[in-house]
Amino acid sequence: MDTTAASPVRVADVTAAVERRYPTAWAEQWDRVGLVLGEPDAPVRHVWCVVDCVPETVAEAVDAGADMIIAHHPLLLRGVSSVAPTTYKGRIVHDLIRAGVALYVAHTNADVARPGVSDALADRLGLTNLRPLAPAAPGSPAAAVAGQGAGRIGTLRQPLTLAALTRHAAEVLPATAWGVRAAGDPGRLVTTVAVCGGAGDAYLAAATAAGVDAFLTADLRHHPVSEQIASGGPTLLDAAHWATERPWLDDLAAYLTGELGVDATVSDLDTDPWTLHTASAGRSRVAPTGSTPTAPARPTPTAPAGPTPTAPARPTPTAPARSAPAASTHEEPHP
């Protein structure tokens with residue numbers, strides 16, 4: 001019997017596996033992806049998958065005995081002149097090095113990949129017949145694989161009103177205090193839906209040009225939304241940034257386990273910075289579950305007087321709740 005032990009998986013092996021699925025050449029030029037810190041020859045038995053590399057998710061990984069973190073958002077997106085432990089990001093770097101935990105980032109290269117961030121989001125909503133919302137530019141590295149690009153367009157298994165689709169999205173996406181809000185006629189029937197994980201308002205025009213009935217993304221702003229609705233574009237659903245990207249981590253973890261045999265854990269720690277949501281008195285516009293709204297986009301308010309929470313302050317986490325909102329690591333306007 002051959003008693004030779006198999007070679008341990010190393011940081012370099014995990015890096016190579018991630019880059020086979022999400023080549024760094026697919027990332028936007030301004031992005032910073034790849035290995036951030038960690039010895040390439042260091043062994044890896046347990047990978048911790050997160051959206052944000054913040055003190056709370058680092059503490060989770062260290063407490064769990066993880067050897068490597070794979071994050072979606074870059075920790076060091078912009079140049080820094082110091083990683084002193086007296087700085088926010090420097091403290092994170094020191095904690096990771098002290099604990100012997102490597103850090104890798106897959107960001108916009110994972111956004112455009114097929115399957116990638118938006119595919120996972122579309123799957124949560126139950127969309128079928130997926131195609132890119134904004135296909136990769138001809139000749140670009142990402143265009144080497146058919147069907148790649150930013151966002152996805154798909155078809156609901158059965159048409160839903162905007163109100164029902166909003167409720168459905170809130171039920172299937174990871175719970176946050178932000179929840180899901182919508183713009184447009186609550187009674188409008190929706191069949192085709194565009195989605196984009198992360199900040200997707202750059203693709204409002206693409207969603208309109210595609211003729212979809214609704215577009216779900218995150219970080220939508222007042223004026224672009226107002227103008228989009230006024231011009232007769234698709235109805236819009238705005239979810240928490242973290243919630244639109246968290247589903248991809250399940251795919252990433254499954255891939256790493258299948259490819260390398262390592263343990264891969266997904267962090268369910270909600271790193272969305274918003275921690276509380278209370279509806280304004282008498283201003284709820286969401287129809288009760290089971291009703292079919294027929295009112296125009298601005299119906300007479302039906303909510304009872306007094307603040308009515310429309311979402312729980314936090315879901316029950318699988319890790320300790322954050323003591324305070326973490327500083328953002330997502331510093332550029334992009335999906």
Side-chain angles (χ1 to χ4, degrees), residues 111 118 121-122 125 127 130-135 149-156 158-170 172-173 176-241 243-245 272 274 277-289 291-303 308 310-311 330 332-335:
D111 286 334
S118 290
L121 175 58
L125 294 174
L127 301 182
L130 300 182
R131 65 185 190 276
L133 171 60
R152 293 292 181 268
I153 295 173
T155 305
L156 289 169
Q158 62 180 30
L160 297 172
T161 63
L162 174 60
L165 177 60
T166 304
R167 289 192 297 269
H168 173 61
V172 299
L173 292 180
T176 60
W178 182 271
V180 180
R181 59 183 182 176
D185 180 354
R188 178 172 170 176
L189 204 60
V190 175
T191 300
T192 56
V193 181
V195 299
C196 181
D201 65 355
Y203 302 108
L204 287 171
T208 298
V212 298
D213 301 313
F215 178 31
L216 184 150
T217 186
D219 300 346
L220 291 176
R221 295 171 295 152
H222 175 90
H223 292 294
V225 168
S226 179
E227 293 169 8
Q228 187 81 1
I229 296 300
S231 64
T235 58
L236 302 173
L237 294 90
D238 185 29
H241 193 122
T244 65
E245 295 175 328
D272 187 67
W274 304 103
H277 175 202
T278 302
S280 301
R283 295 298 294 172
S284 174
R285 298 178 187 169
V286 178
T289 301
S291 67
T292 303
T294 57
R298 297 182 181 271
T300 301
T302 57
T308 303
T310 59
H330 203 175
E332 295 286 342
H334 56 79

message: Nearest 0.5 angstrom please: Arg167 CZ to Thr161 OG1, how far?
response: 6.0 Å

statement: Heavy-atom closest pair (Ala240 atom, Thr176 atom, distance to 0.1 Å) is CB-OG1, 3.5 Å

message: side-chain contact (heavy atoms from CB on, under 4.5 Å), that's the test. Do Leu236 and Leu204 meet it? Break it down for me.
response: CA-CA 9 Å; Leu236 302 173; Leu204 287 171; 3.8 Å; yes

query: Looking at residues at least two apart in the chain, or sitting in another chain, which of them share a side-chain hydrogen bond (donor to acceptor under 3.5 Å, both in side chains) with Thr191?
result: none

query: Any idea which heavy atoms bring Pro234 and Ile229 closest together, and the distance?
result: O-CD1, 3.6 Å

- prompt: Do His241 and Glu245 have a side chain donor and acceptor closer than 3.5 Å?
  reply: yes

- prompt: What's the spacing between Leu160 CG and Leu189 CG if we round to 0.5 Å?
  reply: 8.0 Å

task: Grab the two heavy atoms, one from Thr208 and one from Gly233, that are nearest each other, plus how far apart they are.
output: OG1-CA, 4.1 Å

task: For Arg221, check salt bridge (charged side-chain N to carboxylate O under 4.0 Å, His left out) against everything at least two apart and list the hits.
output: Asp201

Any donor-acceptor pair under 3.5 Å from Asp238 side chain to Val180 backbone: no

field: For Pro132, side-chain contact (heavy atoms from CB on, under 4.5 Å) partners two or more places apart
entry: Pro135, Arg152

- prompt: Between Thr217 and Tyr203, does a side-chain contact (heavy atoms from CB on, under 4.5 Å) hold up when you go through it step by step?
  reply: CA-CA 9 Å; Thr217 186; Tyr203 302 108; over 6 Å; no

- request: For Ala214 and Val190, work out which heavy atoms get closest and say how close.
  value: CB-CG1, 3.8 Å

message: Return the OG1 to CG distance between Thr235 and Leu162, rounded to the nearest 0.5 Å.
response: 4.5 Å

statement: Output for pair (Leu121 CG, Cys196 SG), nearest 0.5 Å, gives 8.5 Å

query: Do Leu156 and Leu127 pass the side-chain contact (heavy atoms from CB on, under 4.5 Å) test, and can you show the C-alpha distance, the side-chain angles, and the key distance before you say yes or no?
result: CA-CA 5 Å; Leu156 289 169; Leu127 301 182; 3.6 Å; yes

- prompt: Which value, rounded to the nearest 0.5 Å, describes the distance between Thr244 atom OG1 and Leu173 atom CG?
  reply: 8.0 Å

query: Say you draw a straight line from CZ of Arg131 to OG1 of Thr192; how long is it, rounded to the nearest 0.5 Å?
result: 7.5 Å

Under 3.5 Å: donor-acceptor pair, side chain of Ser226, backbone of His222: no

